[in-house]
Amino acid sequence: MDLVKELNDEQRRAVEQIEGPCMIVAGAGSGKTRVLTYKIAFLIESGINPYEMLALTFTNKAANEMKQRIRKLAGANAENLWMGTFHSVFAKILRIEAQHIGFDRNFTIYDDDDSEKVVEGIMKELGFSTDNPKPRTVNSYIKGLKNKLILPEDFVTVSNPFEKIVAPVYREYQQRLIRNNAMDFDDLLINPILLFRGNPDVLQKYQNRFKFILVDEYQDTNRAQYEIVKMLATGHGNISVVGDDAQSIYRWRGAEIENILKFETDFTDTKVFKLEQNYRSTKSILSLADEVIKNNKRQIKKTLFTENEEGEQVSLTEVLSDRDEGAMIVKWILTEIPNRKLNFKDFVILYRTNAQSRVIEDALRTNSIPYIIVGGVKFYQRKEIKDVLAYLKVLVNPKDDEAMTRILKLRDGIGEQTVEKIKNMAKEIAKSIAELLLAMLEENEGSTKKQSKIEAELMRVAGILKKYNEVKDGFSPSELARSVVDEIGILRELRNEGTDESMDRMYNVQELLSGISEYTDNNEGATLEGFLQEVSLVTDIDKYDENKNAVTLMTTHSSKGLEYPVVFITGLEDGIFPLSSSMLEQEEMEEERRLFYVAITRAMQKLYMTYALQRYRFGSVSYQMKSRFINEIDTSKLKYVKSTAMTRHRSRSVQEEGSSIKYEYYKDAGKDDVLSEIFREDVGVKKGSVVFHNNFGMGKVIDVTGRGDAKKAQIHFEKVGIKNIILKYANLTLK
DNA sequence: TCTCGTACGTTTTTT
DNA sequence: ACGTACGAGA
């Protein structure tokens, strides 16, 4: 490992700073990951046992990538390193220490949907209406409290009517989770704190174990994460954090930008390193980013610079509609690919909300451009997947009444009423539903009493549980899952349904099974518990394969930490970016601006930005104004174009009263329609015309062959001689 | 309890 | 545009 050669001076200094608190403020594209991985490798080379290090990242993907890189640098030594997201690392620790805080080690992890269901159930039980406030509102308020580390017992002196509902629900919610032997995402961070507070010896154990702590994306840590880090680092004080306050975009989830702003005062004798050289972007992209972010007041002072070339001007385009936006992007992709010798995978299309992806997908699909979409409806949140997982969850954790409720409701003839009855019966004998049903099964054994249909169904479920409880230890997770899926006949059921959606669902279940097989094969001694935990904590971005040759679509949030040669930032409209609900408070506006900054700084070579004058929102046309962020930048430095209609206008007039915009929205225009519209420049390309090509310059057309997509021209260029050009890709201009 | 129709609200962003 | 949640009727 040659630190001097691989790193710049500041990076190297940051890497070599071994002891004490260390804050690395790393501007976008400044080699943050590089520094972090080298630092860990350097620690290992300096003789520090990887077993004594804890590295915390924001996504599993970041953790896996870093692990790989460290392995390359430090070899097998790196194996015992603890590296992962806060959530996964502390889930692991909590399983080990579960008994100290009243849980079993096989606790279930509840996602947001699960939490909301629990909240809804409690609200009904306590006699609150679920119309106003909605369970969802109450749940997210509770999450907010938990993020701020306000426990139920701290939340008693409440004043307003809303909080008077929240307080008892919150209280009961936490108790319910303990009863179900379950933790939600926030508990995975709060419970370590309770564990450490209540058990100083346990805290000491981990303080002694983790002698070196490194935290990535420190600007996005919340109160609980901050407390954990502080507790663990107390004593040795060997804590390195890496982050960029300008890229803090998770305030809504409880992230406190203050954590990074006050790090220096939190930890005495902090060494601060600022990575200010950007290796990613062109000068023109970086200067735009700078222009945007300087409108924010609160930030750590730093000046980003780059030695990269000036590059092409950033492009800003006004399009008429969301559809035009898609068509425009298609056009750009098809011209950039030959121009820059790029592949589909070199492009990313960013948007503020997932809902915006749809129109863009349409444009890509009609033009046969391969794409992958990150985020949106998550695989493990799908109904059919949750249904199967519910069985596995109950087998692992028989106290999980939420999963059990789900199972029961799937059975024929069992509905709300029956579940209510069963729940109450279980409550009376202080048992979980699964425990109760198993006990009933035992009792009924050998009895000849005639069962009602409902009883029979209940006993069938109990029978399945009993059967698999008995054999589960001898089965691998994949064998068990396969067998359970067969038993409940969900694949057959979905196939018989025969609709397109049901077939999709069937494939999803099959995909789940292969996922479990893969997990079983890749992890020695794989357990069902392990798989379920992984499932709860992976996200789309973790599974995202950058090597697949396809255009990527994702939200700006998901793009953090990634880079692409060509970036499209779409929907730069007031109300969308910045999002309207964020336009009230100064703090939130600054966060939106940081998000815009993140989007800009993903780009390496070329950045395209677009806004549409109108787009479909909530099923009807809404007229949009360009983003206020655009007014904050000097558009004369950009290539600013107001485009004319791209897509065919027909079939539906959407002109509205009082609007000066007459616009007919096209519908169902086929691929050829769009292409010929987009590439209408091509129409005039014929023998003898003089044309201009972005790469080759001026030339004269010698011959034209083929038609449609395959239309080619033989052109004699002044500079490079004769070339055969596929017009579809070339974007020639007539002179 | 289920099934079908309709009305309604949804769109932030994610571990 | 879409999914879901709820009510009426079976």
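Below, chains carry the letters A, B, ... as their sequence lines are ordered, and counting in each starts from 1. Worth knowing before you read on, the calculation uses all heavy atoms, side chains too, and leaves out hydrogens, waters and symmetry mates.
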Item to check | Separation of the C1' atoms in C:dT4 and B:dT13, to the nearest angstrom | outcome: 22 Å
Checklist entry - Given the C1' atoms of C:dC6 and B:dT11, what is the spacing between them in whole Å? => result 22 Å
Nucleotide [N], atom [atom2] - distance to [atom1] of [X] in whole Å:
X      : N      : atom1 : atom2 : value
A:M554 : B:dT11 : CE    : C1'   : 19 Å
A:D186 : B:dT14 : CG    : P     : 16 Å
A:K560 : B:dT13 : NZ    : P     : 16 Å
A:D220 : B:dT14 : CG    : C1'   : 11 Å
A:Y250 : B:dT12 : OH    : C1'   : 12 Å
A:K143 : B:dT12 : NZ    : P     : 15 Å
A:I576 : B:dT13 : CD1   : C1'   : 14 Å
A:W252 : B:dT11 : CH2   : P     : 13 Å

Checklist entry - Between A:T59 and B:dT14, does any side-chain N or O lie under 4.0 Å from OP1 or OP2? => result no
Checklist entry - Would you say B:dT12 has OP1 or OP2 under 4.0 Å from some side-chain N or O of A:N354? => result no
Show the distances under 3.5 angstrom between N or O atoms of the protein and N or O atoms of nucleotides 2-10 of chain B.
residue: B:dC2; atom: OP1; partner: A:G413; partner atom: N; Å: 2.7

Checklist entry - Looking at A:D216, A:D244, A:D220, which one forms a salt bridge (charged side-chain N to carboxylate O under 4.0 Å, His left out) with A:K560? => result A:D220
Next on the checklist: Just to be sure I understand the rule, does A:F86 reach a base, reach only the sugar-phosphate, or reach nothing, if contact means heavy atoms closer than 4.0 Å?
Outcome noted: nothing
Next on the checklist: Base, sugar-phosphate or nothing for A:S558? Non-hydrogen atoms, less than 4.0 Å.
Outcome noted: sugar-phosphate
With [X] via salt bridge (charged side-chain N to carboxylate O under 4.0 Å, His left out) - residues at least two apart:
X      : result
A:D245 : A:K302
A:K230 : A:D266
A:D400 : none
A:K393 : A:D114

Checklist outcome for this item: Between A:T418 and A:I249, the residue closer to the 5' end of DNA chain B by nearest nucleotide is A:T418
Checklist entry - What's the verdict on ring pair (Phe, Tyr, Trp, His ring centres under 6.0 Å) for A:F347 and A:Y564, showing C-alpha distance, side-chain angles and the deciding distance? => result CA-CA 6 Å; A:F347 298 84; A:Y564 293 84; 9.3 Å; no
Item to check | With A:Y507 via ring pair (Phe, Tyr, Trp, His ring centres under 6.0 Å) - residues at least two apart | outcome: none
Next on the checklist: A:Y141: which residues meet the ring pair (Phe, Tyr, Trp, His ring centres under 6.0 Å) condition with it, sequence neighbours left out?
Outcome noted: A:F162
Checklist outcome for this item: Among the nucleotides B:dT11, B:dT12, B:dT14, whichever has the atom closest to the side chain of A:A355 is B:dT11
Checklist outcome for this item: All heavy atoms of A:D131 vs all of A:S129, minimum pair found to be N-OG, 2.9 Å
Checklist entry - For residues 81-98 of chain A, which residue pairs qualify under salt bridge (charged side-chain N to carboxylate O under 4.0 Å, His left out), counting only residues two or more places apart or in two chains? => result A:E97-A:K205
All N/O contacts under 3.5 Å from nucleotides 2-6 of chain C to the protein, with atom names and distances to one decimal?
residue: C:dC2; atom: OP1; partner: A:R358; partner atom: NH2; Å: 2.7

